[in-house]
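Remarks on the structure that follows.
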Amino acid sequence: MTTVTNLGFPRIGAKRELKRALERHWSGEDDIATLQASAAALRARHWTLQIEAGVDVPPSNDFSLYDQVLDTAFLFDALPARYRQLAAVEPLAAYFAMARGLQRDGIDLHALEMTKWFDTNYHYLVPELQAGQAFALRGDKPLAEFREAKALGIHTRPVLLGPVSFLLLSKTTDGSAALDLLDALLPCYVDLLAQLEAAGADWVQLDEPLLVQDLDAAARAAFERAYAVLGAKAAARPKLLLATYFGALDDNLGLAASLPVDGLHVDLVRAPEQLDAVLQALPAGRVLSAGLVNGRNIWRTHLDNALILARYAQTDRGADLLWLAPSCSLLHSPVDLSLEKKLDGELRSWLAFSRQKLEELRVLADALDGKPSADAGLSANREALDARRRSPRVHNPAVAARLASLSAADARRHGSYPQRRLAQHAALQLPLLPTTTIGSFPQTLDVRQARARHKSGTLSLADYEAFLEQQTAQCVRVQEALGLDVLVHGEFERNDMVEYFGEQLEGFAFTGNGWVQSYGSRCVKPPVIFGDVSRPQPMTVRWSQYAQSLTRKPMKGMLTGPVTVLQWSFVRDDQERDATCRQIALALRDEVNDLEAAGIGVIQVDEPAIREGLPLRRAHWRNYLDWAVESFRISTSGVRDATQIHTHMCYSEFNDIIHSVAAMDADVISIETSRSRMELLDAFVRFNYPNEIGPGVYDIHSPRVPDKAEMVDLLRKALAVLKPQQLWVNPDCGLKTRGWPEARAALEALVAAAAELRAEHAEASVA
């Protein structure tokens, strides 16, 4: 019998139950016991769902209250010193302080840095390590959740982040090499594996996604050293499944196959071409876990193609040594398509969420085992795929013609940056160190309720728009009172920075419960790009123009860039991603031009996902960066020199792509830097970035409110390496998730910090 397994399941719940439980706890409404009971109920529901869908061995310890990398750091006591006093008395409060920061009762703790999990839109917390770091088991989360499932009669495979990937995903605060800590860390893994075996675990999944990236000699040696210890035959341990995903092993295949583990998982969705080499390299008697169903997108699997791969693998391995699985954890996919009652039937028939993906694996397994029951599933799959290919909704000849007519001139601004700078400064008349925000302002309960009432039909369009005008006017008044220099309209009409645009573009569709986790309690509902993209009419002009009519200060138009719309959507898989991106870019170009025509002289086109989309192997970077940068420039190059183009990026490592960031040719770029204490600015300094930069001085992903002195300190760090004429003053990101009191307080401090430094530089220039 062919075994169906799963690498990980979405933890948030089909209707974001975890989000609500977390936010009730953070607000003080629910105590720890209530939060933990909610979490346990979700885990039980998800294990049962997986069994019902046909999974033979579901995972455990894939659940997290915030993030799996943070869980690993906490599990092995890798807590920075600033959290230890709190952790000794309130472990969960310290855990959340590491994730979100904390201000209470004289405690003021900064959160850990946060960055993207490989090339996904999931954010993980970056552990902080240092030379001589000691590790120890803190708590028993993997063991407790394995026993929890066992008590329900469900035998699971515990999941751990592997030791080498954990260290390489961490940062050291003293410049030491994280891999030097491997020998100190390994005894904790050995101890934990022994405890899991004693509890009845026969397999443990060790995730080592770094194996699909370029590795240097030190990393390769670390894998060999780590698994010589963990895979030792004399050790008391369960069998080990080494899990890789998001790409091909390529030159790391020999290394992965040589490690003394009992099974290897490979991603055959991202890299089906690696199967033959994997089968040749994998030693006899070793399990192959074949990732045949896409864990990162929502389209039905082409089961006939997957079955070809599975049969080929089965011929080599035999039924007992072949497991069928998703390509990666289903963390990146919504829970259950059956909840989508309003999605039209044709489009719904093309999709598969997490539960349906597991059911697809069951069909494949039954087909391999020769069960007649698989025939119906295979036949239904063929019919759905054929209907999608033939659907007239997918292709638009006008879009194809416009794409074909693109020329190099469409991706170039009229004047060079120095020419544009003069024109923009003359037009905008901004002070030194101009202040602004990234776009959104707090989305209060009143705003969310009004949107929900309008969508349900209980609030008319006229009344809804009157409400939005009132919110926008209030937001403009607040910004003027604060003394900000470049204002925004607040984005109260927007549910999400991608979904809002997708709702107004052709080629997009929307789910009701297609939620995925972005970080912590933050969930997003990505649009579905199913066909050619075009813009029927202006999307944002009405609100930017209205807001500009309320003030004499510059009003910044706010758009989400083409790469970010692409990355943060479920993208069609029937054409190359670069073609879809250029289609989005052309639609946004029309919007940028319309904003300019409406009198908006500052336009921000956000691209927080441009680094996220970078391929995991350097050999593939150039092609991606070329079309990603070109797409941004297509969007923004149709305006006059005097129109100032901004872009925003957050949680990105810029060192490797700084030349491409510069090639985007934005007049002003704002970046996240407060959690890193301006470390992310280093790439722009070493490169001698010529344009203007707004390094964030306020971490909006944390509930703590920084004071003026803290912001002044950060700005002085920036001014030590940037010219005052280059520097903008702004938060790290939009203020949508914050409340008005904390947003006002932080922005008051921000404006005051800018004023203090502006005065200092004015005095210096006079002297």
Side-chain angles (χ1 to χ4, degrees), residues 22-23 25-28 30-33 35-36 39 61 63-115 117 123-142 144 160-161 163 166-176 178 181 184-185 188-189 192 519-522 651 672-680 698-707 709-710 713-714 732 742:
L22 285 169
E23 292 175 354
H25 173 69
W26 293 337
S27 70
D30 286 353
D31 60 15
I32 292 175
L35 173 63
Q36 296 290 16
N61 198 45
F63 183 88
S64 175
L65 287 174
Y66 205 97
D67 165 56
Q68 72 271 15
V69 183
L70 176 61
D71 289 352
T72 306
F74 213 83
L75 174 67
F76 295 124
D77 200 34
L79 278 63
R82 64 184 180 275
Y83 304 106
R84 287 197 169 275
Q85 185 176 356
L86 179 62
V89 292
E90 295 182 73
L92 190 61
Y95 172 89
F96 286 133
M98 292 171 72
R100 307 173 67 237
L102 180 65
Q103 274 183 328
R104 76 162 202 219
D105 305 327
I107 299 172
D108 190 1
L109 295 172
H110 292 272
L112 295 175
E113 285 184 45
M114 188 161 62
T115 195
W117 177 250
H123 303 63
Y124 77 92
L125 276 299
V126 182
E128 292 180 10
L129 307 175
Q130 59 187 5
Q133 177 91 39
F135 298 97
L137 280 177
R138 171 186 281 272
D140 63 349
K141 180 179 181 296
L160 303 174
L161 178 59
F166 170 69
L167 291 175
L168 290 174
L169 291 168
S170 302
K171 63 174 285 187
T172 58
T173 56
D174 56 5
S176 59
L181 299 170
L185 177 62
C188 296
Y189 274 87
L192 179 58
Y519 62 87
S521 68
R522 171 70 171 149
Y651 302 117
E672 179 275 326
T673 53
S674 66
R675 285 200 180 196
S676 71
R677 313 301 292 170
M678 292 288 168
E679 283 181 17
L680 290 180
Y698 162 33
D699 174 18
I700 66 86
H701 296 89
S702 169
R704 65 180 298 276
V705 177
D707 59 19
E710 181 177 326
D713 178 61
L714 289 174
D732 275 345
E742 59 189 297

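Note that the numbering runs from 1 along the sequence shown for the chain. Note that the coordinates shown come from a computational prediction; the quantities given were computed from them, not determined experimentally.
Side chains of L22 and L35 form a contact here, defined as non-hydrogen atoms less than 4.5 Å apart.
Under the salt bridge (Lys or Arg N to Asp or Glu O under 4.0 Å) criterion, D31 pairs with no residue at all, not counting sequence neighbours. Checked against side chain to side chain contact (heavy atoms under 4.5 Å, CB included), A134 has no partners two or more places apart in sequence or in another chain. Taking T173 as the reference, nothing meets the side-chain hydrogen bond (donor to acceptor under 3.5 Å, both in side chains) condition, with sequence neighbours excluded. In this structure, the salt bridge (Lys or Arg N to Asp or Glu O under 4.0 Å) partners of E742, at least two apart in sequence or on a different chain, are R738. With sequence neighbours left out, the side chain to side chain contact (heavy atoms under 4.5 Å, CB included) criterion links Q85 to no other residue. Applying the side-chain hydrogen bond (donor to acceptor under 3.5 Å, both in side chains) rule to R138 yields the partners D77; only residues at least two apart in sequence or on another chain are considered. Contacts of D105 classified as side-chain hydrogen bond (donor to acceptor under 3.5 Å, both in side chains), with partners at least two apart in sequence or in another chain: none. In terms of the side chain to side chain contact (heavy atoms under 4.5 Å, CB included) criterion, residue partners of S170 (sequence neighbours excluded) are, by chain and number, P127, L129, F166. I32 is linked by a side chain to side chain contact (heavy atoms under 4.5 Å, CB included) to H25, Q36, L92, counting only residues two or more places apart in sequence or in another chain. Every ring-ring contact (aromatic ring centres under 6.0 Å, His included) that Y124 has, sequence neighbours left out, goes to W117. Residues satisfying the salt bridge (Lys or Arg N to Asp or Glu O under 4.0 Å) test with R704, not counting sequence neighbours, are D108, E710.
No side-chain donor-acceptor contact under 3.5 Å links D67 to the backbone of A99. In this structure a side-chain-to-backbone donor-acceptor pair under 3.5 Å is missing from R100 to P703.
Interatomic distance, CD of E90 versus CG of L102, reported as 8.5 Å (0.5 Å rounding). Atom CG in D30 sits 11.5 Å away from atom CD in E23 (nearest 0.5 Å). In this structure, CD in E113 is found 10.5 Å from CG in D699, a value given to the nearest 0.5 Å. We find the CZ-CG distance between R104 and L86 to be 6.0 Å, quoted to the nearest 0.5 Å. To the nearest 0.5 Å, the span separating NE2 on H110 from CD on Q103 amounts to 8.5 Å.
L181 and G132 make their closest contact through CD2-N, 3.9 Å (heavy atoms, listed as atom of the first residue, atom of the second, distance). Closest of all the heavy-atom pairs between L167 and A178 is O-CB, 3.4 Å. Counting all heavy atoms, side chain and backbone alike, F135 lies closest to A78 at CE2-CB, 3.9 Å. Of all heavy-atom pairs spanning L112 and P80, the tightest one is CD2-CG, 4.0 Å. Shown here for R82 and L109, the closest heavy-atom pair between the two residues is O-CD2, 3.1 Å. Looking at every heavy atom in both residues, H123 comes nearest to M114 through CB-CG, 3.5 Å.
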Using distance only, find each side-chain donor-acceptor pair of residues 69-76 under 3.5 Å and give its atom names and separation, not counting sequence neighbours.
{"unit_1": "D71", "atom_1": "OD1", "unit_2": "S64", "atom_2": "OG", "d": "3.3"}
{"unit_1": "D71", "atom_1": "OD1", "unit_2": "Y95", "atom_2": "OH", "d": "2.5"}
{"unit_1": "D71", "atom_1": "OD2", "unit_2": "S64", "atom_2": "OG", "d": "2.8"}
{"unit_1": "T72", "atom_1": "OG1", "unit_2": "Q68", "atom_2": "O", "d": "2.9"}

